[in-house]
Amino acid sequence: MKLKRIIATFCLALTWFIGAAAITVVQETDKLVYADFETSKDGRPISNGGGLVQLTSYQESPTLVSRYKGMEGSNPPAPELVRLSKDSPNKAIAFEYELLAPNQYAGVGVEIHALADKDGRPVSIDASQYKYLSLQLYVTGVQSIRVEFGTRGQGVPKSNANPQMIFKIKPGLNTYQVPLKNLSQPSWADVKLSPKDVLKKLTSVSVVAFCDQCTLTKGTVVVDNLVFQN
């Protein structure tokens with residue numbers, strides 16, 4: 001499969017580093033390992049709390065729909081569970097995406113629930129005591145990535161835009177830190193939310209490849225080791 005060949009090519013030299021990093025974050029007591037994708041359920045990736053992991057997409061034009069490719073036959077659509085090299089036991093999630101033009105805006109992302117849903121509804125955790133979210137990313141195509149923090153069904157007002165942070169992507173597989181104190185909503189958000197309130201009742205974290213004033217963009221996203229830390 002094309003996606004597996006891409007991952008094997010760029011990650012072979014990083015096997016030892018990733019395995020060591022995964023062990024470190026599990027052992028630290030002042031960290032919450034949100035999702036390292038070492039566990040699956042019914043063949044699908046899940047978060048460390050057993051939460052659903054699913055692909056999402058959006059676009060301005062109903063006729064120029066954003067496309068993605070992940071785990072074949074999954075419903076709801078899921079990213080693929082992959083090993084970063086044949087010699088490494090470490091797992092990550094990966095998907096391919098395509099953003100079409102002309103669109104004023106479009107995106108494809110992966111939404112990672114904190115815990116397993118209960119009676120069909122998201123369940124929250126309190127992540128407000130942490131200063132950063134650390135995560136490992138490999139991204140091609142877009143120049144920047146967006147990480148969103150969501151709460152749903154927890155008494156926090158509903159908004160059309162979550163607290164989020166956008167940052168530039170470097171070549172290769174890298175670890176990024178998202179300072180939680182710097183989260184904000186875009187100016188067009190219909191309801192303004194306190195990031196602290198969302199983090200206190202956090203139900204999901206999303207990683208999104210996006211474009212504004214889009215040109216045709218294709219790429220791959222690999223995500224691993226989401227860890228809240230101080």
- Side chains of Gln164 and Gln185: donor-acceptor distance under 3.5 Å anywhere?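 The answer is no; no qualifying pair exists.
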- Query: Does the side chain of Ser88 come under 3.5 Å of the side chain of Asn90 through a donor N or O and an acceptor N or O?
  - Reply: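 Asn90 and Ser88 do not have a side-chain donor-acceptor pair below 3.5 Å.
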Any pair with a residue in [range] that passes salt bridge (Lys or Arg N to Asp or Glu O under 4.0 Å), sequence neighbours left out, goes on the list, sorted by first then second residue, please.
range	value
residues 163-180	none
residues 137-159	Glu111-Arg152, Arg146-Glu148
residues 47-66	none

- Task: Can you sort out the partners of Arg44 under salt bridge (Lys or Arg N to Asp or Glu O under 4.0 Å), two or more places apart, ordered by chain and number?
- Result: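 Once residues adjacent in sequence are excluded, Arg44 has no partner under the salt bridge (Lys or Arg N to Asp or Glu O under 4.0 Å) criterion.
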- For Pro195 and Leu183, which heavy atoms make the closest approach, and how far apart are they?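 The pair with the smallest heavy-atom distance is CG-O, 3.6 Å.
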- Query: How close do Pro163 and Leu193 get, heavy atom to heavy atom, and via which atoms?
  - Reply: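 Heavy atoms of Pro163 and Leu193 come nearest at CD-CD1, 4.3 Å.
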- Query: Does a side-chain heavy-atom distance below 4.5 Å link Leu135 with Tyr34?
  - Reply: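 When only atoms from C-beta onward are counted, Tyr34 and Leu135 do not touch, as no gap falls below 4.5 Å.
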- Side chain to side chain, Val142 and Ile169, heavy atoms closer than 4.5 Å: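 Val142 vs Ile169: side chains apart.
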- Where the side chain of Asn103 meets the backbone of Leu100, is there a donor-acceptor pair that is under 3.5 Å apart?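 Side chain of Asn103 to backbone of Leu100: a pair is present.
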- Message: Looking at Ser159 and Val191, would you say the former's side chain and the latter's main chain have a donor-acceptor pair under 3.5 Å?
- Response: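 Here the side-chain-to-backbone pair exists.
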- Taking only Lys NZ, Arg NE, NH1 and NH2, and the carboxylate oxygens of Asp or Glu, determine whether Arg67 and Glu98 approach each other closer than 4.0 Å.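 Here Arg67 pairs with Glu98 in a salt bridge, since their nearest N and O are under 4.0 Å apart.
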- Task: Examine Phe167 together with Tyr176 and report whether their ring centres are nearer than 6.0 Å.
- Result: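 Ring centres of Tyr176 and Phe167 closer than 6.0 Å.
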- Please work out which of the three classes, parallel, tilted or perpendicular, describes the rings of Phe228 and Tyr130, given edges at 30° and 60°.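 Rings of Tyr130 and Phe228: tilted, 30 to 60°.
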- Report the residues that fulfil side-chain contact (heavy atoms from CB on, under 4.5 Å) with Lys201, sequence neighbours left out, ordered by chain and then residue number.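 If we apply the side-chain contact (heavy atoms from CB on, under 4.5 Å) test to Lys201, skipping adjacent residues, the hits are Ser124, Thr151, Gln154, Val156.
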- Item | Shared hydrophobic cluster for Val139 and Ile112 (ILVMFWY, side-chain gaps under 4.5 Å) |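 Yes.
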- Item | Counterpart residues, ring pair (Phe, Tyr, Trp, His ring centres under 6.0 Å), relative to Tyr97 (two or more places apart) |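 Listed in chain order: nothing, the list is empty.
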